[in-house]
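Down below is the structure, laid out as structure tokens.
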Amino acid sequence: MAQVRVTVDGVNYADDVEPRMLLVQYLRERLGKTGTVVGCDTSNCGACTVHLNGQSVKSCSVLAVQADGAEVLTIEGLARDGELHPVQKAFNECHGLQCGYCTPGMIMAAVDLLGDNPDPDETEVREGIEGNLCRCTGYQNIVRSVQRAAQMMKPGASVPTESPAPVAGGN
Amino acid sequence: MTTTAEPTTELGKARTRKEDARLITGRTRYTDAITPHGTLHMFVVRSPIAHATITSVDKSAAEAAPGVLGVFTAADLGVEAVGLPCAWPITPDMKSPQRPLLATGTVHFAGEGVAVVVARTPAEARDAADLVEIDYDPLEPVLDMEAALADGATLVHPDLGTNENATWVFDSGAAGTGGSVDEAIAAAEADPDSIVLKRRFRQQRLIPAFMEPRSCVVDPTGEQITVWAATQVPHILRTMTTVTLGVPEAKLRVIAPDVGGGFGGKIGVLPEEMLCVALAQRLNKPVKWTETRSESLLAAHHGRDQIQDITITAKKDGTVTGLDVHLLADMGAYLGLVGPGVPILGAFMFNAIYKFPALKFTCTNVFTTKTLTDAYRGAGRPEATFAIERIMDELAVELGRDPMDLRKQNWIAHEEFPFTTVVGLTYDTGNYEQATEQAMATFDYAGLRREQEERRARGDKVQLGIGISTFTEMCGLAPSRVLGSLAYGAGGWEAASIRMLATGKVEVVTGSSAHGQGHETAFSQIVADQLGVPFEDVEILHGDTQISPKGLDTYGSRSLAVGGIAIVKAADKVIAKAKKLAAHLLEASEDDIEFNAGQFTVRGTDKGKAIQELAFAAFMAHDYPEDMEPSLDAEAVYDPENFSFPHGTHLAAMEVDTETGKVALRRYVCVDDIGNVVNPLIAEGQVHGGLAQGIAQALFEEANYDDQGTLVNGTFVDYTLPSAADLPSFESSTVSTPSTSNPLGVKGVGEAGTIASTPAIVNGVIDALRHLGVTEVEMPTTSQRVWRAIQEAQGRSTQETPVDTHSPGAGLGSIDPNNPQGEVQ
Ligand code: FES
Ligand code: FES
């Protein structure tokens, strides 16, 4: 057993874990953070994406012990004081999800992407989320969601967040 | 759809989805998140060999491993005689092998379970599974459908005496719905002004690859055994668990909580589900199973896998005169729940939108030692659409015609609806001209044809191809009587009930359980319109057999066209009851009560009651008519009279690098007629997702087996689902000729994109290379296949790549054409 001390979504935890336990297993099985999900066993799908010290990582490719001393943010801690993160809002407004299984990872990856590149064009979004697979949406509305979030997050932005996204054909 | 002023009804409003609130915050409950106290975990020990005799199973080391409660074979569990159900005996003499929960004696595909380990944690179960020693005596694998049917072939199930599951025939001449194809072919052969064209197409094997791996939890504590399962079909699963294991139906509660996609891949009744039930009963503890992705790709049912031999006859003026379809369909080692019927669902779609006077469809289902096949998005209809849309292009080339002109000449004109086709289906509405004109204008068809000419003339390295697919499909599976005539083992109705709560809110129970389609939002919109209540006041309940006791679940684009209409019918009954109560309370005749936007008013007066007031009055029950029960609640079961027939025109501009074979999708335009649209945002999302899957079949995906029958690309490293970087944005829009088969005028949209897009892409790839002599490229049209086709057409020799050298970049099915070097994504 190894000790891990970690802050997850703002709460401090200290646990003994098997050295081989993955971060995603620790989050789900020990902390009950089942909002973060598992989609594969080869680190290809990105469904398990969380932030580790502010960087997005696939939590199935990190050992729980490697998170010792770190701060982890999951989809469950993204909204602050009942206020959704702009990326969460944008996914809803632009219909960026269907079954929702890829969504926690997609949103966490998108938040990180927008941190690095606050105004990505379509290609940059598509390449930026390449490590996150979605089987439902065909990605178009995910791309739209990320770009809309970018608009909402611009300093001084006043993008109305209530009206549904335009449904007109095309890009 | 062009954005216009917001409609005043809910129908047509681009509502954002209700269900998102939980899905975007992680407040979800997928099956694997459910772990009752004391849960034990099951891991399946699977055969690595496709076909073998099991000579010994040594469980001792596994049994002694930490945390292990037991290791069980079928014999240990007493389930050797149990067989999983196939609900679709397509012919009376169909050959049907027992599909066991765990193999005993012989394994029939790589990935088949042989034993299970039960342990306190998933990790302990998995570790111990490695310690189960199983010895196999390999037998000859059966991999090739044609070889499997030849005399002397190794038999997958020797007791059946053949590898042929069944042969199913539809002949429009014999059925009296059209002429005889044999005569059509004979006439065309004898007529110098006619042509006979034959082509062979291959539908490769695909893997549905829903993002949430399959999972189930069975809790035997309490009066009912509770089963949580990642399934599309909780109701069917309940009934079939009774049929399979004999647990009384009323002692079973099946819950499909949040389900992470299905696409047909989750309509099965799984050996693992039945094993969890058997183990939970035996151990008196909750038992849970969640598959790994690799297990999922290996052992969850696959889709497609057909060889299609198509003969089309036509007059040289372009008029089609007959279509003869011969299919071989790979069932894999066993029959899935509806597996043998999947190709049959395509039988009625080969004639598509065209006025064929004669059609014959012959399908032979074949057993092989591969993973079984069953429904995958579109189920039979994508295969049919691919074949007809490909051969229409081939016919156009043979006749020197523009492929769209040839289609136009043969399709049902809009003034000819309703139209009864050569297979006896009546298409209620449609307007192929309208969808096509809009698509061609958006696409700039003429402009792209000019560019294509120029590039050909210049001998550009990158050539342009234009791919067309003018598809139709049958949605809303299905009228129960039609299913009965096809020997399907269930009806096609759907159930709904509406509860008017005392506080004026509305609970709607539907038998159609969603796994990503947005039922909660779309159904709320329907109810809001029907009852005149606010959208926010409607709660949709589904996916739990104790809450929604009656239903036939979600598949075949039936949720809206069948399940949605059941809700409308229940709402009609609520309104009828409310009207009666209103008349009583307002002291008026029922005939004088008018209902509009949630208000019941006495004609010609300003006296009235809101539906919420009436709900409260019914709840209080202090004052209500003698001949009425004090309730507005109602339920309905709706059995459609006909299918609905969405259609559309899809156009793809493909760019093909003639030096490397690299294929790029430059533009994709589609105009779909899906009838009235409840929620354009959701409908558009369904189209996008469907397109991605259909395009993935054309360009990226294939389940590859080596010559030993091993799946060689059974992980997400090398079964390459498209990523965001592999796809462009699509230009999708809709037009509408409302269906007359149902009161909402809806048609269904879940499968349209998948059905339509595959032939559009492949037609485009071949169109780009036609002038180089290329006439066929098998799917997926990877760089290597395209490059090879060009070399062969140019008479240059190429070297064979053995199938078992598959790896990313080895250039088989799943190579990513955007990434021909085969880097891992
Ligand atoms: S679960 Fe697939 S990348 Fe982590
Ligand atoms: S929404 Fe279902 S996988 Fe992305």
Side-chain angles (χ1 to χ4, degrees), chain A residues 18 20-21 25 28-29 33-42 44-45 47 74-76 78-79 84 88-89 91-93 95 97-104 107 122-123 125-144 164-171, chain B residues 1-3 14-17 19-30 32-33 35 123 209-213 258-261 263 292-294 442 515-518 669 680-682 684-686 688-693 715-717 721-725 727 729-733 753 825:
Chain A
E18 268 196 73
R20 67 171 179 173
M21 182 176 247
Q25 291 174 310
R28 289 176 59 82
E29 294 169 20
K33 293 261 169 198
T34 51
T36 300
V37 297
V38 176
C40 73
D41 47 4
T42 49
N44 286 93
C45 77
T74 79
I75 188 71
E76 295 178 48
L78 192 59
L84 292 176
Q88 289 172 307
K89 276 189 205 157
F91 268 69
N92 172 238
E93 288 170 11
H95 191 27
L97 64 149
Q98 291 181 24
C99 79
Y101 202 75
C102 70
T103 310
I107 288 178
E122 175 173 346
T123 309
V125 175
R126 286 185 180 273
E127 282 167 3
I129 57 168
E130 200 181 8
N132 289 69
L133 296 175
C134 174
R135 191 57 152 171
C136 296
T137 63
Y139 301 104
Q140 186 156 335
N141 287 342
I142 292 178
V143 173
R144 206 146 74 176
V167 189
N171 313 297
Chain B
M1 169 172 294
T2 21
T3 317
R15 283 261 181 207
T16 59
R17 299 197 318 170
E19 39 278 84
D20 291 359
R22 64 176 194 277
L23 300 173
I24 58 177
T25 53
R27 194 165 45 80
T28 46
R29 185 181 272 204
Y30 298 99
D32 188 56
T35 314
F210 33 76
M211 285 309 294
E212 179 208 16
D258 285 327
V259 177
F263 317 112
T292 63
R293 174 57 57 185
S294 307
T442 308
H515 37 282
Q517 297 90 342
V669 169
L681 195 61
I682 291 177
E684 187 197 45
Q686 288 293 312
H688 290 168
L691 290 177
Q693 285 181 14
T715 72
F716 268 173
V717 176
L721 305 191
S723 78
L727 294 169
S729 280
F730 313 116
E731 297 166 63
S732 67
S733 58
Q825 54 178 310

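Residue numbers begin at 1 in each chain, while the letters A, B, ... track the order of the sequences.
- With a 4.5 angstrom heavy-atom cutoff, A/Tyr139 touches chain B only via side-chain atoms.
- Using a 4.5 Å heavy-atom threshold, the side chains of B/Leu727 and A/Arg126 count as touching.
- When A/Asn141, A/Leu97, A/Thr42 are compared by the number of non-hydrogen pairs under 4.5 Å with chain B, A/Leu97 comes out ahead.
- For B/Val259, the part lying under 4.5 angstrom from a heavy atom of chain A is the backbone only.
- Expressed to the nearest 0.5 Å, how far CD of B/Glu19 lies from SG of A/Cys99 amounts to 11.5 Å.
- Using a 4.5 Å cut-off between heavy atoms, A/Val125 does not touch chain B at all.
- Residue B/Arg27 does not touch chain A at all, counting heavy-atom pairs closer than 4.5 Å.
- Within the 4.5 angstrom heavy-atom criterion, no atom of B/Ala21 approaches chain A.
- With chain B as partner, the option from A/Gly39, A/Ala79, A/Gly35 having the largest number of non-hydrogen pairs under 4.5 angstrom is A/Gly39.
- Side-chain atoms of A/His95 and B/Pro680, non-hydrogen and from C-beta on, never get closer than 4.5 Å to each other.
- Heavy atoms of A/Ile142 lying under 4.5 Å from chain B are absent altogether.
- Scanning all heavy atoms of the two residues, the minimum distance from B/Gly260 to A/Tyr101 falls at CA-CB, 4.1 Å.
- Between chain A and the options B/Gly26, B/Gly753, B/Ala724, heavy-atom pairs under 4.5 Å are most frequent for B/Ala724.
- Of the listed residues A/Thr137, A/Thr103, A/Thr34, the one with more heavy-atom pairs under 4.5 angstrom with chain B than any other is A/Thr137.
- Closest approach of B/Leu681 to A/Glu93, counting heavy atoms only: CD2-O, 4.1 Å.
- Here CG of A/Asp41 is found 4.5 Å from OG1 of B/Thr292. Values are rounded to the nearest 0.5 Å.
- Checked against A/Phe91 for a side chain to side chain contact (heavy atoms under 4.5 Å, CB included), the options B/Asp20, B/Ile24, B/Leu23 give a single hit: B/Ile24.
- Residue A/Arg135 comes nearest to B/Ala209 through the heavy atom pair CG-O, 3.3 Å, listed as atom of the first residue, atom of the second, then distance.
- In this structure, no portion of B/Asp258 lies under 4.5 Å from any heavy atom of chain A.
- A distance of 12.0 Å separates SG of A/Cys45 from CD of B/Glu212, quoted to the nearest 0.5 Å.
- Among A/Gln25, A/Arg20, A/Glu29, A/Lys33, the residue with the largest count of heavy-atom pairs under 4.5 Å with chain B is A/Arg20.
- The number of heavy atoms from other shown groups lying within 6.0 Å of CZ (B/Arg29) does not exceed 12.
- B/Thr35 and A/Arg28 share no donor-acceptor pair across their side chains, judged by distance under 3.5 Å alone.
- Distance check, rounded to the nearest 0.5 Å: CE of B/Met211 to CD of A/Gln98 gives 13.5 Å.
- Rounded to the nearest 0.5 Å, atoms OG1 (B/Thr25) and CD (A/Gln88) are 6.5 Å apart.
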